[in-house]
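Ligands are counted one by one from 1 in listed order, and the atoms in each one are counted from 1 as well. Position 1 is the first residue of the sequence; numbering continues from there. All values below come from the heavy atoms of this structure, side chains included, with hydrogens, waters and symmetry mates left out.
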Amino acid sequence: METRTPATCDTARSPGTWDGRATRALIDLDCIASNVFTLLRAVSPARLMAVVKGDAYGHGAGAVAQVALESGATSLGVFTVSEGCALRAAGIHAPILVFGPIYPAEVDALFTNRLTPTISSMAMAELVLGCAHGRSLPFHVEVDTGMTRGGVSVESVIPLVRRLDGRDELELEGVYTHFAGADYPDEPSAGQQLAVFREVVENIRSQRIAIPVVHAANSSAALHFPEARFAMVRAGIALYGYHPHVAGDVCPPLKPALSLLSGVSRVSHVAAGTGVGYGDTFRCERDSTVALIPVGYADGLHRTLGNGRGEVLIGGKRVPIVGRVSMDQITVDVTDIGDVQVGDEVVLIGSQAGIDQTADDVAAQAGTISYEVLTSLLPRVPRLYSRWGVVTDSHSAELRGSTPA
Ligand SMILES: Cc1ncc(COP(=O)(O)O)c(C=O)c1O
């Protein structure tokens, strides 16, 4: 059997491998595979739905979906019909559950792409029935057990499933709920929601309506709330290597898959008193060296990271972002770290010389959560993928100098 070099982020970081834009995201698909194995070990015998909405939390839905399925996930979760259609166009054949609402213009695509809708109201049920024209699909029902976001109310669920019971066009495959507070271990709401959900499931079954798949758990509940695992868990953030839990619980090892990298594009030596960036919000207090980096809010970098709140790694050291984040560029103060050259690697998310800056760290600096930091990355940022030691760009072309050993 061919021996392959384990994929590492270094592969696409070595000089000569990538001659595109300095700002790029490197996604280590081996980390995604490892996180799938970790999740499956934790939740077995429950099955795993890989949640790949929001372009797989910024990682690229097609690539992540493929690796998650190869690694043992049995289905995918998206929010919109168009996200599901894009996965079908990328050659994904696995079941895809659409969590979000279905609009009239999308119903036909639902059938032609064999997507599984979530039916959360009688109106949505009638809409899909009216457009079936002899076709059929499985469907899931989401029950609002206390989050007051999506889902049919507890009172309306029995009329809804009875309306659809026995219809050829729509066959009940799953019933699920979503927790408002599973990330917070001291928060009793998940337990309360679970009790309500169990009662709903019993009520449906007491109508002699079979429910092939019951599911409730997101990443946090999957890992920390075993009673909520049922037949399947729906994991998003853990798939990408982040622990959803805010408190210090014992967690299995997850591997962050995404690095956001760039390179220094200019180095300026400026006198004390010089203003840096829009609005003169930063003035150097001393003679300073500032480095320019070609990444900004049009790449998805949060503007709140400006003026000393955010940091990047250069030369294995943390340096502060000074002045405002502009659309395409930021400036960092490198006065204290010695020689910095144009082309030096900049790590915005990832690790450098043994120092980590995770999406959680960036989220804390920006005043948000890892989910938003990751999903904010815009299409302008090229995605590079590393799998089994082979690095490809988002169009699956192998990059120079990165063939397997
Ligand atoms: C219905 C549903 N299930 C599962 C998930 C995955 O959540 P997490 O990323 O916390 O695992 C989400 C994400 O928001 C969701 O909306």
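The shortest contact between atom 7 (O) of ligand 1 and any protein heavy atom is with N218 CB, 3.5 Å. The closest protein non-hydrogen atom to atom 5 (C) of ligand 1 is H178 CE1, 3.8 Å.
Checked by distance only, ligand 1 and I237 come closer than 3.5 Å through their nitrogen or oxygen atoms. For ligand 1, the polar-atom distance check against G236 finds a nitrogen or oxygen pair separated by under 3.5 Å.
Residue Y371 touches ligand 1 through its side chain alone, judged by heavy-atom distances below 4.0 Å.
M327 CE: 12 or fewer foreign heavy atoms inside a 6.0 Å radius. The local environment of CZ in R21 is crowded, with over 12 non-hydrogen atoms from other residues, nucleotides or ligands closer than 6.0 Å.
Considering R234, R149, K53 only, the shortest heavy-atom separation from atom 14 (O) of ligand 1 involves K53.
The line from CZ of R24 to CG of L260 is 9.5 Å long, rounded to the nearest 0.5 Å.
When each atom of ligand 1 is checked for a heavy atom of Y57 under 4.0 Å away, the hits are 6 (C), 7 (O), 8 (P), 9 (O), 13 (C). Of all atoms in ligand 1, numbered sequentially from 1 with element shown, those under 4.0 Å from a heavy atom of S219 are 8 (P), 11 (O).
For D336 and R318, the salt-bridge test fails: no basic side-chain N is under 4.0 Å from an acidic carboxylate O. Ion pairing between a basic and an acidic side chain is recognised when a charged N comes within 4.0 Å of a carboxylate O; R198 and E227 show no such pairing.
The heavy-atom pair separating A42 from L223 by the smallest distance is CB-CD2, 4.0 Å.
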